[in-house]
Amino acid sequence: MGWSAVKLLTILCQNFMDVEYHSRMSIPAIRFENVSRHFGNVKAVDEANLEIRDGEFFSMLGPSGSGKTTCLRMIAGFDRPTLGNIYLYGQDVSNLPPYERDVNTVFQDYALFPHMTVEDNIAYGLMIKRISKTERHKQVDDMLDLVQLPGFGYRKPSQLSGGQRQRVALARALINHPKVLLLDEPLGALDLKLRQQMQVELKAIQKSVGITFIFVTHDQEEALAMSDRIAVFNEGRIQQVGTPSDIYERPASPFVAGFVGTSNLISGEIAKRITGSEEMFSIRPEKIHLDSTNSEPEKDMLCIDGVIRDVVYLGLFTRYLVEIEGGNDLVVVVQNLKTTSMDVLSAKGQKVRLHWHKDHISRVGG
Amino acid sequence: MPSKSDGEKAPLGLTVSAIGTLLFLHVPLFIIFLYAFTTDEATYSFPLPGMTTKWFGVALHRADLWAALTLSVRVAVVSTFVALILGTLAAAAVYRGNFFGRESISFLLVLPIALPGIVTGIALRSAIGTLDIPFSYWTIVIGHATFCVVVVYNNVLARFRRMSGSQIEASMDLGANSFQTFRYVILPNLGTALLAGGMLAFALSFDEVIVTTFTAGQQSTLPIWIFSQLTRPRDRPVTNVVATFVILITFLPIFFAQRISAQSSDSEGGNK
Amino acid sequence: MLNRASTYLYQRPKLILALLLGPPMLYMLVVYIGSLFTLLINSFFYLEEFTGLIVRQFTLRTYLQLFSPTNLGIFGRTAGMAMAVTIADAIIAFPLAYYIARYASPRLKTFLYIAVTLPLWSSYIVRVYAWKLILAKEGIISWFLHLFGLQPVLDGILSIPAIGGSSLSLSPIGMFITFCYIWLPYMIVPIQTALERVPKSLLEASSDLGANAAQTFRNVILPLAFPGVVAGSIFTFSLTLGDFIVPQSLGNSRFFIGQAVYSYQGTAGNIPLAAAMTMGPVVIMVAYLLIARKLGAFDAL
């Protein structure tokens, strides 16, 4: 009890006395104010408003062409907004060239300089700032340790594997202690196992270094796994911003519901029958329970009857396609805790009652 | 036709004529090498009456040859230099992005080489005449630069296209302004392309004779010297020596340029 | 600070473009296009015979001079030679090109490609000189023919008025051989490229339908190789049309276009006539290129 009290007190004191920490906490790392980017008639980014907090791991998620990469490039400075402003810790950087922004990027193709060694690549930013050779060497060694490539300094990019190149790219960016680190689909070229490993490592590095990471990806699983918050993009507009749980459990639009995981969208007459309102809502397949048609719905559960049209046994779980009254098909997913394939496949054609908790639906207003 | 892996053999007649054609292409140059050693002073008689190396020594002491050689080298060096600058600038402009008339740039640059030399030659001659410019070293250089630019341009543009554009962005992202990016990233990447293009331009300029005769006035470059020997042969054996020398001087840069280009396309193994 | 200059430029992409494109374009437009322009203009001036000065007034008189018997003869002679060289080169090039395309393994193909283009790497003027040596009166060819007692045949050929001359190295036939030699690689490569594009399945289909080797060659391969021949002919025709080095070195006193242009602008200082004369090949080449494009030559390049 004594020690925890002292620890708590220390932390509280630190918080109150660290004024800078406070003021930094309240200024967003990145703020988009009505940012648009037009290419002729095409609106690559359409009136984006966004706040990214200091120290968070923020993902920009969306299909290709959704505007997420354009936004990233505008933060980095490779592109200028047609309308609106971008603020970096309160400073308007909309018109600054990339080399005058305290922001660094990890590129999708890593963009390592083929004619330089790993050490020279990593030290590039320091060299430009005219930091002494000995100091550069020391910092590069520290960085190589951080990304777990000790002693690789003398090698050339062509001698590295994809995963190694990616780490060098990361080191090269981080060594400059940028206020914000941008990552443009950096894991896209890696195979699955490596990608999952890098996801964990990146997250760990971010936590230990403590700076804001902005991560662009089209892989929703990746975004969910790594992010503190996610912005979902589609066709140039930001559809929703929230924590992974917000995005998944409470999608705000049909697009988000469909893009992140699978979902069932119900609207109109049927919706009215189930929830009392015609407004479209989404319900995730794993939240739906299958029961016999004479089961009693419990309190707070919504239900509807249907017929199992198709069963797919997928080992870990079974996917059912259930046709409900009114013609819609709902996807229901059930973990195979006790059943075997023989059991579930015979369910085809059976009449069932579907129910789910009323809090598990999300109104998507479509 | 994809070439056979099924062991189809060519008809004998075809193989014989193919070999014959190859010999036809290559033997004449060897004959020059041979004749550089003849003892015969006055004619091109065959078989060679005797062999000697004395003509190499004679050639070395000829003042007019040295003058011609010096002029050729000076012209080639400056033309190459001009071509390197103009060619690289043009390639950079075309690489950067779309602008009005982009497709015509390549066409315009290749025109001096595509049109027959006599057209370029007489065109420059008429301009020199109309503007009353005196013939000089510079009239030759200006003429040569027009067709040397495209050689550098093609090499540099090809290299730009093979370079990943994100390198330039990465450099700026890491704090380097445009000039620093050019110095530390672009220039090293272009390095061997500039070398190869430069060597090709040098060889092209050194060997050129048609346009040069129109723009040189009274001056003699080495090819012009040889040409004068062709029309009024006076120093047959020395000419043989000079011819052998010229073959090497134009062959070697092109050979090395090819090697450099081939090498860099292999080692470009991966930036991804 | 350099940074400020860099940012200034960075925010003005159009300025960067102007700085990059400006010098080369200025040079090419002023020097090259400008020269072509003065050439064209000069062809409309004329040379006053008595004063030897060029009169700068628009006139078609110089163009009319092109139709004099001498000049027409020059055009005819040159075009005839160009045609002969083109046809001969097509025939000489074809076997080798066919061999490379059809029968050479990939390794051999690279080697042969280098072997074919290698002569182009050595000096043009020297390659002309080489034939001066070879065709000389006491030279290799002469010795060779003597060996087989064919000397009378050579004398016979040399006495034919239009193509003969005092010796092989000073005759149209000598020029012809030299031209064929010099432009040969330019003909081999396009034909080989065109032949490479013929899919093996076509040949198999042809023999499947009953054609023997000769028929397949005549009906399938030859027509498909034709665009390559046309592409190569662009080079051989245009290069021969404009050349004056070979006629001057190996010719007798009858002029070819190139020599005529060279001599007119030389001591005579008759630039207008030289200019007008050059227009001839230009027009012929443009027409040739248009026809060649119709025949599909540009796909083979």
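Just so it is clear: chains get the letters A, B, ... in the order the sequence lines come, proteins before strands, and each one is counted from 1. All figures in this text were calculated on a predicted structure; none of them were measured in a lab.
B:Ala203 does not touch chain C: none of its heavy atoms, backbone or side chain, sits under 4.5 Å away. Proximity to chain C is limited to the side chain of B:Gln180, based on heavy atoms less than 4.5 angstrom apart. In this structure, the portion of C:Asn42 lying under 4.5 Å from any heavy atom of chain B is its side chain and not its backbone. Heavy atoms closer than 4.5 Å to chain B are found in both the backbone and the side chain of C:Ala5. Heavy atoms of B:Arg96 lying under 4.5 Å from chain C belong exclusively to its side chain. Using a 4.5 Å cut-off between heavy atoms, B:Phe255 touches chain C through backbone and side chain atoms alike. Of the two parts of B:Ile85, neither the backbone nor the side chain holds a non-hydrogen atom closer than 4.5 Å to a non-hydrogen atom of chain C. If you measure heavy-atom distances from C:Phe94 to chain B, you find no contacts under 4.5 Å at all. Proximity to chain C is limited to the side chain of B:Gln258, based on heavy atoms less than 4.5 angstrom apart. Interface remark: B:Tyr35 contributes side-chain atoms only to the contact with chain C (heavy atom separation under 4.5 Å). Only the side chain of C:Leu112 has a heavy atom closer than 4.5 Å to any heavy atom of chain B. If you measure heavy-atom distances from C:Tyr27 to chain B, the contacts under 4.5 Å come from the side chain alone. Looking at C:Met25, the atoms closer than 4.5 Å to chain B (heavy atoms on both sides) all sit in the side chain, from C-beta outward. Proximity to chain B is absent for every atom of C:Leu170, based on heavy atoms less than 4.5 angstrom apart. The contact between B:Ala145 and chain C is made by backbone and side chain atoms together, counting heavy-atom distances below 4.5 Å. In this structure, chain B has no heavy atom under 4.5 Å from any part of C:Leu239. Contact annotation for B:Leu111: both backbone and side-chain heavy atoms come within less than 4.5 Å of a heavy atom of chain C. With a threshold of 4.5 angstrom between heavy atoms, C:Ile188 approaches chain B through side-chain atoms but not through N, CA, C or O.
No side-chain heavy atom of B:Ile133 sits under 4.5 Å from any side-chain heavy atom of B:Trp138. With a 4.5 Å cut-off on side-chain heavy atoms, B:Trp225 and B:Thr239 count as touching. Counting heavy atoms from C-beta on, the side chains of B:Leu29 and C:Ser122 come closer than 4.5 Å. Between B:Ile118 and C:Asp243, the closest side-chain pair of non-hydrogen atoms is not below 4.5 Å. Between B:Arg102 and B:Phe99, some side-chain heavy-atom pair lies under the 4.5 Å cut-off. The shortest distance between side-chain heavy atoms of B:Phe147 and C:Tyr32 does not fall below 4.5 Å. In this structure the side chain of C:Ile234 reaches within 4.5 angstrom of the side chain of C:Met285, judged on heavy atoms. C:Ser249 is listed as a side-chain neighbour of B:Phe227, based on a closest heavy-atom distance under 4.5 Å.
No side-chain donor from either of C:Asn3 and C:Tyr8 sits under 3.5 Å from a side-chain acceptor of the other. With no hydrogens or angles considered, a side-chain donor-acceptor pair links C:Trp183 and C:Thr240 at under 3.5 Å. Side-chain atoms of C:Tyr10 and B:Asn177 form no donor-acceptor pair, as typed in the model, at a separation below 3.5 Å.
Ring pair C:Phe256/C:Phe244: centre-to-centre distance not below 6.0 Å.
Among the candidates B:Thr250, B:Leu25, B:Thr21, the residue making the largest number of heavy-atom pairs closer than 4.5 Å to chain C is B:Leu25. If you tally non-hydrogen atom pairs under 4.5 Å between each of C:Ile140, C:Ile141, C:Leu36, C:Ile271 and chain B, the highest count goes to C:Ile140. When each of C:Leu118, C:Val116, C:Leu9 is checked for heavy-atom pairs under 4.5 Å with chain B, C:Leu118 comes out on top. Your options are C:Thr7, C:Ile134, C:Leu120, C:Ile245, and the one with the most heavy-atom pairs under 4.5 Å with chain B is C:Ile245. Considering only heavy-atom pairs separated by less than 4.5 Å from chain C, the leading option among B:Val242, B:Ile142, B:Ile226 is B:Ile142. For the options C:Lys132, C:Arg127, C:Lys14, heavy-atom pairs under 4.5 Å to chain B are most numerous at C:Lys132. Per-residue heavy-atom pair counts under 4.5 Å with chain C were compared for B:Leu204, B:Val246, B:Val119, and the maximum is reached by B:Val119. Of the residues considered (B:Leu109, B:Ile210, B:Ile19), B:Ile210 shows the highest number of contacts with chain C, using heavy-atom pairs under 4.5 Å. Interface check for chain C: of the options B:Thr120, B:Val82, B:Asn240, B:Leu252, the most heavy-atom pairs under 4.5 Å are formed by B:Asn240. In terms of non-hydrogen atom pairs under 4.5 Å with chain B, the most contact-rich of C:Ala274, C:Ala136, C:Ala115 is C:Ala115. Here B:Ser178 is the residue among B:Ser178, B:Pro253, B:Ala91, B:Pro116 with the most heavy-atom pairs under 4.5 Å with chain C. When each of C:Trp131, C:Tyr129, C:Tyr99 is scored by its heavy-atom pairs under 4.5 Å with chain B, the top score falls to C:Tyr129.
With C:Thr78 contributing its side chain and C:Ile257 its backbone, the two residues share a donor-acceptor pair below 3.5 Å. In this structure, the side chain of B:Thr139 does not engage the main chain of B:Phe135 through any donor-acceptor pair within 3.5 Å.
Aromatic ring orientation, B:Phe251 versus C:Trp121: tilted (interplanar angle from 30° to 60°).
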Stepwise side chain to side chain donor-acceptor pair (under 3.5 Å) check, C:Ser123 with B:Asp207: CA-CA 6 Å; C:Ser123 163; B:Asp207 178 45; 2.5 Å; yes
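The number of heavy atoms from other shown groups lying within 6.0 Å of OH (B:Tyr95) is above 12.
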